[in-house]
Amino acid sequence: MSSALPQLISFVLRRDRLRILAWTLALSALVALTASAWNSLYPTLQSREQFAAALNSTPAVTAVLGPLHDPTTVGGLTAWRLSSILTLVLGIVSIFLVVRHTRGEESTGRAELLLSGGLNRRSLPVAALVPSLTMLVGCGLVSWVVLAAFSQSLVSSFAFMATVVGGALFFTALALLAVGIFPTTRGASGASTLVAGLMFLIFVVSSADVHLTWLDRVTPFGWASRAEVFAGEQWWWVVLPFALSGLIIVVAITMAGLRDVGSALVRPRQGRSAASRRLTSPLTLAWRVDRSLIVVWLCAMTALGVVVGILTTSASRLLESSTQLQELVLKLESSDNFTDAYAAALIGFLSLATTALTISLLLRTTQDELAGRLELILSADVSRGRLLSARVILAGVAALVIQSAYGAALGLSYAVSSTTGWDPVVRYLGVALLNIPAIAVMAAITFFVTAALPRISWLPWAAFGYVVAVGELGPLLNLPTWAEATTPFWFIPRWPIEDLSVEPLFGLLAIAAVVCLLGFAGLRRRNIPA
Amino acid sequence: MIDLDNVVKTFGSVRALDGLTLHVDEGGIHGFLGPNGAGKTTTLRILLGLLKPNSGTVTLMGTNPWRNPAELHRRLAYVPGEVSLWPGLSGGETIDALGRMRWGYSTQKRDELITKFDFNPRTKVASYSKGNRQKVALIAALACDVDVYLFDEPTDGLDPLMAEAFRDCVRDLHAAGRTVLLSSHVLAEVDAVCDHVTIIRAGRAVEAGSIADMKQVALHTVVATVEGTISLADIPGVHSSSIEGTTVTASVETSAVPHVVSALVAAGTTSLDVHPPSLEELFLGYYDKKPATP
């Protein structure tokens, strides 16, 4: 490799230092919070064993998180709770990082600028790996120290973080490979994220069904589970992702050396020479730009709905046969209708995914503004309000359709697999739609930022991270009610377990409307580009 | 058609426009010249109603663009300097989408322009070079029959042949009586198509008028080879003259050119060269000089 490579690496690292630091801190904090929560929630060995016994007999719970191997220690519980989610989050963040530094640079022409400075073609993927590796190793080391402090086990903590880092590294390597296959940034990161999501789905399904357990061997989540950290580590499964990643990375770098800069295995397709008749307005343009993203999300979420419906059936069947589990569930969900509570909790989780899509659809406005596309449209016969409303309408309809689709799919698959009649279809569709006002508040905040204050475009994602952290960890952390009530999802009525009260729903919608109006007011007054 | 009077626009502590005055008559093809960062793009964005000036008056087709942007936009087309397009769409789709959101869009005109600019509308915009992205914005604007066209360095990235095709289009617009404001770095382009020009520097207009008038007051350069001795400095209208060996060089006002030439001929010149003032010289003169203090 050439002597300019170290310079390129330090240049690439400098651009990402804040991002790397933020993720390292956030994920290490997650590990610390979870570990301390287990300590306070189940302080005695006996209480942990009880919890584990109940849990391991519930495929529906072990499905999402994998089987619990060591219920006796805080480390084992933390590893079980966080393994999949940490691997998935770190993996996806790393995918976007690595694609940004490879395909992103190639498609903007910046790669030529870098490569003309005495570097060979293989340097680009090598340098692009550095921010990801730094983030992964940083997260791994800090979390290792944190978890070791809580769990009192250096070796097992190390093994756990190694499974997480290895899994995320595996997705990073796949992304590097995808960069050589797909000609666009969206294509490369989209395909890699889709593979990560599919592998997670395979892991969920294989953990839920005893006959399919063998299937989890094809996913990093399964390797992490089979490594049985904190329960006599199976080091072979810990090492496996690193070996595979190394192999894929070597192939990807070799490919980068062989192909033309800017080229890919998949040739960019020719498009249509004229636009379809319908492409006449900001709304149809927004749909044209984002339709593939929306359709992919719609399909993925509907598929998840079907899986969750089946999981709900197996969960409710098991509940009938386990009084111990009933007690546990009562403690966690404070409800007497386990099935509905279980489905509602998962629908709440899926609603967060819809929220994420809504936020990214709305933030397109800010991307357009930074790139100068906003002024191009605004120079046409399109007012500011109409242009931004188009994004709101598209995001709103997408959220509505996706919530309805997976809600109905969940109800339908539950109804079919449990053979308890067709009631659940309407019930779970209703539960999914009840989350809309909370999604609307998050969307309104995002709209306000894009309309009035595009400089703080990080705010919607920060707010989203906060909502996810409080919503998912709130019960575990025993947060006070007022703290949990800082997220809009807390106000959604727990129908059908509790009565349906419409006041909070209208309240949330009113807040969303007011925030939107403030956004429009700011939009009229400000400079474009801001 | 376009009137800016004493317009000030600040971004924080930066004064992007510092009392700019700019007038374009209906049917005029107006060149807008100035170095990078002089405030050309800011001016165009103010005319589009995207930016609100801190003070001064702005009138476009008799209306205030900040108050009634949408109404004005039915009668104008704009080509930005940095064209960025939506990934995933083809060039043809983008042209149609932009054109249909404007008024007076003609697909027939679009097809003519696609041929004229030798443009492949089927390629996805991610694979387009800067010049091709520029063509998308140009075709989308020129395919619309509107009253006012605003161009921000439109030929940046186009090859000379395509730049000439663009000049052709501007001449057609002129013949059709349309108003054009052309911000540019390319002096030859402004010289070739514009009748009036405003030169802007550090947010102020340092010179404005018809190109012909400017050339009138600008100085000709006279270079001659003279065997004998001669002194041109006494002739009224001669600004400077120098002699190196047998070569005489002088900067001369238009009105004094005949007197200087006859003096040189009388002195027995063996070769004579008179350069008319070029826009380039005017322009470079203003770039070097500090703006006149009011």
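Lettering of chains follows the sequences in order, A, B, ..., and the numbering in each one begins at 1. It should be emphasised that the depicted structure is a prediction, and the values quoted were computed from it without experimental measurement.
Proximity to chain A (any heavy atom under 4.5 Å) is restricted, for B:K9, to the side chain, taken from C-beta onward. Interface remark: A:S276 contributes backbone atoms only to the contact with chain B (heavy atom separation under 4.5 Å). Interface residue B:L48: only side-chain heavy atoms are found under 4.5 Å from chain A. Proximity to chain B involves both the backbone and the side chain of A:P529, based on heavy atoms less than 4.5 angstrom apart. No part of B:D111 comes within reach of chain A, as not one of its non-hydrogen atoms sits under 4.5 angstrom from that chain. Proximity to chain A is absent for every atom of B:L72, based on heavy atoms less than 4.5 angstrom apart. Residue contact with chain A, scored on non-hydrogen atoms closer than 4.5 Å, involves the backbone and the side chain of B:W86 alike. For B:R110, the part lying near chain A is the side chain, with the backbone staying farther off; criterion is any non-hydrogen pair under 4.5 Å. In this structure, chain A has a heavy atom under 4.5 Å from the side chain of B:F11, while its backbone stays farther away.
What you find for B:R45 and A:I528 is that their closest heavy atoms are CD-O, 4.2 Å. Of all heavy-atom pairs spanning B:S84 and A:A371, the tightest one is CB-O, 3.0 Å. Across all non-hydrogen atoms, the minimal contact from B:L50 to A:E375 is CD1-CB, 3.4 Å. Contact record, A:R277 with B:R100: O-NH1, 3.7 Å, taken as the closest heavy-atom pair. Contact between A:R384 and B:W66 at its shortest, heavy atoms only, is NH2-CZ3, 3.5 Å.
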Legend entry - Worked verdict on A:L285 versus B:L98 for side-chain contact (heavy atoms from CB on, under 4.5 Å): CA-CA 9 Å; A:L285 178 63; B:L98 285 172; 5.9 Å; no
Inset, instruction - Check step by step if side-chain contact (heavy atoms from CB on, under 4.5 Å) holds for A:S383 and B:H73. - result: CA-CA 9 Å; A:S383 69; B:H73 292 173; over 6 Å; no
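For B:R122 (side chain) and A:Q270 (main-chain N/O), no donor-acceptor pair under 3.5 Å exists by modelled atom type. A donor-acceptor pair under 3.5 Å links the side-chain atoms of B:S90 to the main chain of A:R272, judged by distance alone.
Ranked by heavy-atom pairs under 4.5 Å with chain A, the first of B:G81, B:G92, B:G91, B:A140 is B:G92.
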Compile the donor-acceptor pairs under 3.5 Å between side chains in residues 184-191 of chain A and protein atoms, sequence neighbours left out, one pair per line.
| from | atom 1 | to | atom 2 | distance (Å) |
| --- | --- | --- | --- | --- |
| A:T184 | OG1 | A:G187 | N | 3.0 |
| A:R186 | NH1 | A:V289 | O | 3.3 |
| A:S189 | OG | A:T185 | O | 2.7 |

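Taking the side chain as every heavy atom from C-beta outward, A:L376 and B:V79 never approach each other to under 4.5 Å. With a 4.5 Å cut-off on side-chain heavy atoms, A:S379 and B:R102 count as touching. Side-chain contact check for B:M101 versus A:T280: every heavy-atom pair is 4.5 Å or farther apart.
Between B:R74 and A:D381, at least one side-chain N (NZ, or NE/NH1/NH2) sits under 4.0 Å from a carboxylate O, which counts as a salt bridge.
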